[in-house]
Amino acid sequence: MMEYNFREIEKKWIKFWSENKSYRTVEDSSKKKYYVLDMFPYPSGAGLHVGHPLGYIASDVIARYKKLSGFNVLHPMGYDSFGLPAEQYAIQTGQHPAITTNRNIDRYREQLDQMGFCYDWEREVKTSSPKYYKWTQWIFKQLFNAYYDLDSNRTKNIDQLVDHFEKNGSDGIKAYGDEHDKFTSYEWKNFNIEEKEQILQCYRIAYLSESQVNWCPKLGTVLANDEISNGLSIRGGYPVEQKVMRQWSMRIKAYAERLLNDLDGLDWTDSLKEQQKNWIGKSVGAAVSFEVANHKGEYIEVFTTRPDTIFGVTFLVLAPEHELVMKIVNDSQSEAVKNYVKETSSKSERDRQSDVKNITGEFTGAFAIHPFTGNQIPIWIGDYVLSSYGTGAVMSVPCGDQRDYLFAKRFDIDIVNVFKDVDISKSAYEDKTGTIACSDFLNDLQINQAIKAAINAIEQKGIGKGKTNYRLRDAVFSRQRYWGEPFPVYFKNETPYLIDDQNLPIELPEVDKYLPTEDGEPPLARADKKQWKHMEGDRMDFNTMPGWAGSSWYFLRYMDPHNEKEFVSKEKVDYWQNVDLYIGGSEHATGHLLYSRFWTKCLYDLNFIPFNEPFKKLINQGMILGRSNFVYRINGTNCYVSKTKIKEHDTTPIHVDISIVKNDILDQQKFKEWMPEFKDATFILEENGDYICGFEVEKMSKSKYNVQTPDELVIDFGADTLRLYEMFLGPIEQSKPWDTKGISGVHNFLRKCWRLYCDADGNSILIDKESSKESMKTLHKAIKRIREDLDRFSLNTCVSTYMIAVNEFTDQKCRNRDVLEQFVILLAPYAPHFCEELWEKIGNQSGTLYQSRFPVFNQEYLIENTYEYPVSFNGKMRFKVEFPLSLKKDELQKELEKMDQTIKWLDGKEPKKVIIVPGKIVNFVI
RNA sequence: GCGGAUGUGGUGAAAUUGGUAGACACGCUAGACUUAGGAUCUAGUGCCGAGAGGUGUGCGGGUUCGAGUCCCUCCAUCCGCACCA
């Protein structure tokens with residue numbers, strides 16, 4: 001019997017597509033473009049699991065739908081191939097990370113190929129390839145050579161700033177940057193090159209700065225927050241401390257306002273925009289300086305969003321790292337303060353923010369002078385104040401801020417209430433409505449007026465000014481690692497210089513080990529003159545770029561991946577423009593998505609690209625969770641109890657590999673062979689001899705033996721089934737557990753669909769005869785729903801629609817070519833191999849399916865004359881009755897009131913009201 | 001802690017603007033068929049109840065003729081938090 005033979009069919013079409021270069025994309029100005037992009041993967045050693053393709057299938061369905069709708073579709077794929085795991089593996093084995101990376105990429109490619117994606121593989125990019133990172137380095141150079149002009153609010157070439165310095169010195173500078181001493185034009189001209197560079201570093205978009213890192217002396221490396229747990233490195237368990245290091249940074253803060261405002265024009269989910277807004281963290285308030293008593297000329301600057309509560313300030317708190325701490329501490333407190341600072345340095349920022357129950361702090365012994373009352377107020381340090389946010393110091397208003405309130409209570413500091421008729425005996429009053437009291441000139445003002453009045457007074461007194469603050473920090477842009485892009489930079493007298501374009505790319509040098517040097521320099525410091533293909537100055541830059549460097553602009557390279565003269569040609573970027581649909585995980589909400597927006601704005605300002613936002617529409621696909629299986633071992637034995645009987649025993653659940661479990665029933669023989677310790681296992685079984693396993697939904701991971709790879713499913717059911725099934729699981733943006741149980745349902749659907757077209761010998765059974773009304777209705781109902789659902793990316797409901805249509809066609813015994821041929825095109829985005837095969841079988845030329853057009857919906861086939869009204873009493877549906885749709889409201893009511901059913905439910909009462917929505921519902925209110 | 005998301009049958013879910021809750025599948029129960037299959041077909045399947053009927057979208061309130069959908073309160077789970085990518 002010739003059933004639906006997916007193995008042969010899929011093999012045949014994958015070969016056909018590859019031989020005919022079916023998915024090659026060329027620029028074609030006669031067609032409208034559509035750019036669908038997946039977030040490219042990091043090729044890990046474990047290969048793809050079933051969670052990865054979820055987004056890829058979704059984007060592939062949309063790409064194919066858009067092709068069939070007449071668009072010229074750009075749908076590329078590549079690899080974000082720099083990363084820590086490959087480096088870690090290299091450290092352990094001594095093998096070059098490029099080797100493992102390429103091996104992993106090959107594996108990914110094999111897995112991707114079997115899924116039937118329509119990627120144009122000629123456009124593949126790999127961030128770790130020198131041909132690619134040459135241009136990452138080139139972009140870095142543009143950012144090094146750029147500054148942010150506050151007059152025009154855009155990125156400009158640094159030469160324009162240099163021009164200004166030559167003409168006017170530092171006078172009248174309108175550029176975003178760090179503070180530096182004033183200088184005249186004459187002085188500028190006499191600065192030597194290093195002095196000039198020091199000034200320019202205050203303005204460059206890519207600049208060197210001192211920033212704090214998690215330093216692990218024992219490992220000799222900097223660690224990411226997630227490599228640390230409780231102040232110890234996860235690898236090895238060594239202590240980690242905070243250390244200041246000279247690092248490359250990106251002046252993303254200059255773009256904060258634009259990054260915030262431009263969110264409005266993007267078709268992203270509100271939650272994603274909300275996350276970015278939060279990350280940017282705009283707050284409006286004032287900067288105020290407090291003089292330190294008995295330390296002439298020392299001021300503590302704080303930022304506050306509530307200047308209206310300035311009379312409620314009863315103490316100041318500095319971050320323990322604040323530069324003034326050791327200057328102002330008095331002798332008797334010195335020891336305690338030093339200890340506290342040391343204690344803090346072992347805590348991560350997250351720990352400091354999370355731990356609100358443990359209020360800690362230390363008095364410095366110093367006092368500040370309140371600028372309005374002249375009172376002396378104590379200066380404390382506390383780890384809830386972070387040096388990286390604002391000025392690293394806060395004015396504490398215990399009556400108006402809960403953290404300050406708790407701090408004051410804990411250390412017995414005065415609390416002054418500045419709110420009229422508000423009780424603060426239990427907690428602070430954080431509302432922004434109310435009236436101010438006990439505050440001299442602010443008395444009786446509403447809070448929002450008081451904020452303005454306070455800022456006014458602060459400015460008049462010359463102790464501060466109104467200010468907008470952003471939580472967003474400049475982004476650290478270097479890593480003390482090996483497996484990343486080298487900087488196109490060399491140093492002379494520790495001053496950075498760019499390397500000429502003609503010498504790019506600066507390739508990663510060979511090193512003997514992928515570890516830091518003995519004196520704590522990054523791995524690249526191990527390379528000598530011979531190992532660097534190009535070397536200048538005293539030394540090359542030993543840092544490498546972070547993971548987000550390559551991923552911040554890769555969507556541009558796909559447009560012109562082989563261009564050796566430019567990162568992308570003007571012509572191509574003008575045609576493809578920005579990404580129309582971007583699909584990827586929500587974990588990138590604030591990292592990758594913010595950084596690419598930032599780089600896009602820079603490149604736009606510098607006239608390299610014609611748009612200032614990279615991704616017009618964005619969908620976050622949810623995570624697919626694993627479904628783990630368990631066996632239950634009776635404690636102290638090697639005997640395992642089936643799930644329904646665990647209550648009778650004292651047991652421990654043990655993860656068991658899901659590959660030896662089918663529908664929660666354990667393969668007992670395979671279990672015994674699985675690991676030596678189970679060789680002599682005994683079982684307590686169900687009456688029918690089955691061993692039933694327990695299950696739990698968890699993240700997919702090797703250690704839980706719950707990883708499901710697409711490979712085995714493709715072998716068992718085929719790629720088309722897997723594609724349909726992953727979409728069928730639920731809404732794309734929701735996370736959901738993986739469960740193979742349901743897969744036979746969609747597989748059966750394809751088989752059932754196949755039987756509509758072919759007889760047992762695999763020959764077409766379609767006939768050219770006018771279709772029945774019912775079949776046309778089924779088809780057009782499906783066209784309407786599929787189009788609507790695809791347009792709103794409701795990809796799961798499409799699958800149900802296909803199933804309903806096939807069920808109805810089967811019931812109708814439909815054999816008509818005109819209906820079923822349309823249906824093949826309708827299904828093609830989801831099941832490409834299957835549909836190409838049927839397309840050919842029913843008499844079309846091989847591989848021409850994608851030259852046809854997506855079916856068009858015709859309302860005529862769906863017109864109905866009658867409607868089955870649900871009739872409700874007090875909102876509860878009681879019965880249904882069919883009426884012509886032409887029936888007017890009052891006629892309908894009259895007809896209904898005559899009916900026995902109505903009389904029964906009215907129960908002799910007169911309805912108070914009858915609601916009739918024609919074509920929808922009837923409701924009697926009794 | 002801050003921020004975001006999600007809670008509907010035994011399971012995955014559907015219900016696009018407030019209008020028949022549970023479409024479509026999985027699983028399960030019973031039956032038919034027989035080249036004994038991961039096949040196909042038929043009927044049933046939210047819960048309680050023999051039935052009439054009652055009840056039901058995480059909990060508790062509210063708005064409405066009518067709430068899974070809107071508003072308020074609470075609870076639970078998951079994700080992110082700046083060197084994982």
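Below, read A as the first sequence line, B as the second, and so on, with proteins coming before strands; counting in each chain starts at 1. When reading the values below, keep in mind they use all heavy atoms of this one structure, side chains included, and skip hydrogens, waters and symmetry mates.
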Please report the closest heavy-atom contact between A:Gln480 and A:Pro523, naming both atoms and the distance. O-CD, 3.7 Å
Partners passing ring pair (Phe, Tyr, Trp, His ring centres under 6.0 Å) against A:Tyr255 (at least two apart in sequence or in another chain): A:Tyr148, A:Phe598
Which donor-acceptor pairs under 3.5 Å do the side chains of residues 871-878 of chain A make with protein atoms, sequence neighbours left out?
| residue | atom | partner | partner atom | Å |
| --- | --- | --- | --- | --- |
| A:Asn874 | OD1 | A:Ile926 | N | 3.0 |

Neighbour count above 12 (heavy atom, 6.0 Å) for A:Asp791 CG: yes
Return the minimal non-hydrogen interatomic distance between A:Leu885 and A:Gly919, and the atom names on each side. CD2-CA, 3.8 Å
What closest approach, in Å, do A:Lys920 and A:Tyr867 show between heavy atoms, and which atom pair accounts for it? O-OH, 3.1 Å
Sequence-distant partners of A:Trp738, ring pair (Phe, Tyr, Trp, His ring centres under 6.0 Å), two or more places apart: A:Tyr725
Could you list the residues that satisfy ring pair (Phe, Tyr, Trp, His ring centres under 6.0 Å) with A:Phe728, not counting sequence neighbours? none
Do you know which of A:Thr136, A:Asp80, A:Thr127, A:Leu593 makes side-chain contact (heavy atoms from CB on, under 4.5 Å) with A:Ser551? A:Asp80
Whichever of A:Met623 and A:Phe40 has its nearest RNA chain B nucleotide further upstream toward 5': A:Met623
With under 30° as parallel and over 60° as perpendicular, where do the rings of A:Trp599 and A:Phe477 fit, or are they tilted in between? tilted
May I ask you to check whether A:Phe924 and A:Trp905 place their ring centers less than 6.0 Å from one another? no
Around atom CG of A:Asp811, are there more than 12 heavy atoms of other residues, nucleotides or ligands at under 6.0 Å? yes
Return the minimal non-hydrogen interatomic distance between A:Phe6 and A:Asp716, and the atom names on each side. CZ-O, 3.2 Å
Relative to each other, are the rings of A:Tyr582 and A:His592 parallel, tilted or perpendicular (30° and 60° limits)? perpendicular
Just the atom pairs and distances: protein N or O near nucleotides 42-53 of chain B's N or O, under 3.5 Å.
| residue | atom | partner | partner atom | Å |
| --- | --- | --- | --- | --- |
| B:rG53 | OP1 | A:Lys904 | NZ | 2.9 |

Using the closest heavy atom to pick a nucleotide of RNA chain B for each, name whichever of A:Phe717 or A:Arg471 lands nearer the 5' end. A:Phe717
Name every residue in residues 542-554 of chain A that has at least one heavy atom under 4.0 Å from any atom of RNA chain B, in order of residue number, or write none if there are no such residues. none
Name the closest nucleotide to the A:Arg481 side chain, picking from B:rU40, B:rC83, B:rA25. B:rC83
Would you say B:rU40 has OP1 or OP2 under 4.0 Å from some side-chain N or O of A:Asn748? yes
For A:His592 and B:rG80, what is the distance between atoms NE2 and P respectively, to the nearest whole Å? 16 Å
Mind checking what makes side chain to side chain contact (heavy atoms under 4.5 Å, CB included) contact with A:Asp667, not counting sequence neighbours? A:Gln669, A:Lys670
Could you go over nucleotides 16-19 of chain B and give all protein N or O partners under 3.5 Å, atom names and distances?
| residue | atom | partner | partner atom | Å |
| --- | --- | --- | --- | --- |
| B:rU16 | O4 | A:Glu788 | OE1 | 3.1 |

Base, sugar-phosphate alone, or nothing: which one does A:Pro731 contact when heavy atoms must sit under 4.0 Å apart? sugar-phosphate
Taking atom P in both B:rU45 and B:rG22, what distance in whole Å separates the two? 12 Å
Syn-anti status, with the boundary at 90° from 0, for the nucleotide B:rG9: syn
Pairing pattern in dot-bracket form [Watson-Crick, G-U; both distances under 3.5 Å; | = partner strand] for RNA chain B: (((((((..(((......[....)))((((((.......))))))(((....)))..(.(((..]....))).))))))))....
Contact letters for nucleotides 3-12 of chain B, in which S counts primed atoms plus P, OP1 and OP2 and B counts the base, heavy atoms under 4.0 Å: SSS------B
Check this one for me: any side-chain N or O of A:Asn796 less than 4.0 Å away from OP1 or OP2 of B:rA14? yes
Scan nucleotides 67-77 of chain B against the protein and return all N/O pairs shorter than 3.5 Å with their distances rounded to 0.1 Å.
none

Students often mix this up, so state it plainly: with edges at 30° and 60°, are the rings of A:Tyr132 and A:Trp553 parallel, tilted or perpendicular? parallel
Are OP1 or OP2 of B:rA82 and a side-chain N or O of A:Arg473 less than 4.0 angstrom apart? no
State which residues pass ring pair (Phe, Tyr, Trp, His ring centres under 6.0 Å) with A:Tyr384; sequence neighbours excluded, sorted by chain then number. A:Phe407
Listed nucleotide nearest any side-chain atom of A:Ser800, set B:rA23, B:rA85, B:rC26: B:rA23
